[in-house]
Amino acid sequence: MSLALAPVRTTATARTEAPLTAAPRISGSAIRSAAPLQAPTGSAPAAPLVDRAPRVRAVPEGTEARGFVLYVGIDETKADVDGTTLHRIVEALRALTGEIAPSAETYAAVALAPAGAGGRDVDVVRLALQDPAALAKQRDAGETRADADRHPNGVIIDISRKRVLLDGEPAGLTYKEFELLQFLVLREGRTIDRHELIDNLWAGEEEVPSERTIDVHVRRLRSKLAHYQDIVRTVRGVGYRFDRHADVSIRQASTPSPDLY
């Protein structure tokens, strides 16, 4: 889904009941929660709080939990059917936060999407507000579509996901075979001698292969690359080199591979 989204903020002191789209950029950051709102007539009393909620899961060493995000998926039409507005929901949540934890600071942002964009409201919100898990899911879906649409035939060397696709099918490389191919790919166009391969790919291992063993590994790798095996070239008397073809696509994360210097 292609979104043109921008966060919209509401202040804890705003009193207007107009839809939020009427005033799309009301600022408010790090503001203490407002006083509790009066509950609508006839509404059920809030259930008493029970301190039995699960604790925040352990965070990695060297970090600390500083707050949390609650994604709420509801559009203005649904809110109107429920007899409320997005603004009132935001204010009520801030008021509840002020009751439970008066020292807490709050920040509210409304997710905007093109009219008729479709999709689950909560998924649109997560994407608009840059939720890492939602962005990763969207990226994976996009890559899967790209595999089929842009490269129905050819080689996809996906360094970030440690896989190789040949005409859309997995090549079935072993871990060491992929590491060997990756080492050559990340040094595209440069001939790598056998000693450099041994020093980098078998460093610290008890059994260090001979140059002849390297040739065996390369032969197996080339065999699994099938009719695309010429992307790994043999330079006689020197070593091996990766040559990119027009039907070869290389994908990697935005951060450099630890193997790339």
Side-chain angles (χ1 to χ4, degrees), residues 1-2 59-63 127 130-261:
M1 180 190 305
S2 176
V59 297
E61 185 177 353
T63 64
L127 282 172
Q130 303 290 293
D131 173 39
L135 291 174
K137 183 178 180 180
Q138 183 189 50
R139 182 174 61 249
D140 290 345
E143 288 179 355
T144 300
R145 288 193 298 271
D147 290 349
D149 298 340
R150 292 186 298 171
H151 298 281
N153 295 303
V155 183
I156 296 176
I157 302 172
D158 193 337
I159 292 176
S160 61
R161 300 171 69 179
K162 302 291 184 184
R163 65 172 186 167
V164 175
L165 299 179
L166 305 177
D167 299 331
E169 297 296 327
L173 303 186
T174 65
Y175 174 80
K176 190 60 74 175
E177 288 165 352
F178 183 86
E179 290 293 299
L180 174 58
L181 178 60
Q182 174 181 267
F183 194 88
L184 297 174
V185 167
L186 294 178
R187 295 153 182 82
E188 180 178 351
R190 180 162 74 86
T191 300
I192 309 298
D193 64 39
R194 295 169 179 82
H195 288 295
E196 185 173 351
L197 291 172
I198 293 172
D199 292 342
N200 285 274
L201 299 182
W202 279 268
E205 296 189 13
E206 294 183 1
E207 296 185 10
V208 178
S210 63
E211 292 186 21
R212 195 175 191 85
T213 305
I214 296 297
D215 295 337
V216 172
H217 279 284
V218 172
R219 276 202 304 272
R220 289 175 179 169
L221 169 62
R222 287 167 58 92
S223 175
K224 291 185 179 181
L225 292 175
H227 51 288
Y228 297 108
Q229 61 181 268
D230 58 348
I231 64 175
V232 177
R233 299 263 185 189
T234 299
V235 181
R236 290 190 176 277
V238 183
Y240 299 97
R241 182 182 72 231
F242 170 75
D243 283 342
R244 189 198 299 249
H245 295 180
D247 52 5
V248 176
S249 174
I250 300 172
R251 296 178 180 164
Q252 56 184 312
S254 57
T255 54
S257 165
D259 181 34
L260 181 61
Y261 59 85

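For the atom pair CG of L221 and NZ of K224, the computed distance is 8.5 Å after rounding to the nearest 0.5 Å. For the atom pair I231 CD1 and I250 CD1, the distance stands at 8.0 Å (nearest 0.5 Å). Going from atom CG of N200 over to atom CZ of F183 covers 3.5 Å, rounded to the nearest 0.5 Å. For the atom pair R222 CZ and T234 OG1, the distance stands at 5.0 Å (nearest 0.5 Å). For the atom pair R244 CZ and E188 CD, the distance stands at 4.0 Å (nearest 0.5 Å). Between the CG atom in L173 and the CG atom in L181 there is a gap of 6.5 Å [rounded to 0.5 Å].
Just one residue in the list R187, E177, K162 forms a side chain to side chain donor-acceptor pair (under 3.5 Å) with Q182, and that residue is K162.
Sparse packing is recorded around CZ of R220, with 12 or fewer heavy atoms of other residues, nucleotides or ligands lying under 6.0 Å away.
Residues P209 and I198 approach most closely at O-CD1, 3.4 Å, considering heavy atoms. Across all their heavy atoms, I159 and F178 have their closest contact at CA-CZ, 4.0 Å.
Contact of the P170 side chain with the L165 side chain is registered, since non-hydrogen atoms from C-beta on lie closer than 4.5 Å. Residues V232 and L180 fail the side-chain proximity criterion, which asks for heavy atoms closer than 4.5 Å. Counting heavy atoms from C-beta outward, W202 and T213 have side chains that stay 4.5 Å or more apart.
Legend: residues meeting salt bridge (Lys or Arg N to Asp or Glu O under 4.0 Å) with R241, ordered by chain and number and at least two apart, are D243. Residues that satisfy the side-chain contact (heavy atoms from CB on, under 4.5 Å) test with H195, not counting sequence neighbours, are D193, E211.
Of the charged side-chain nitrogens involved, none lies within less than 4.0 Å of a carboxylate oxygen, so that D158 and R251 do not count as a salt-bridged pair.
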| Trace of the side-chain contact (heavy atoms from CB on, under 4.5 Å) decision for Y240 with R194 | CA-CA 8 Å; Y240 299 97; R194 295 169 179 82; 3.7 Å; yes
| request: Take V155 and H245 through the side-chain contact (heavy atoms from CB on, under 4.5 Å) test and state the conclusion after the steps. | output: CA-CA 9 Å; V155 183; H245 295 180; over 6 Å; no
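Checking D247 against Y228 by side-chain atom types alone, no donor-acceptor pair falls below 3.5 Å.
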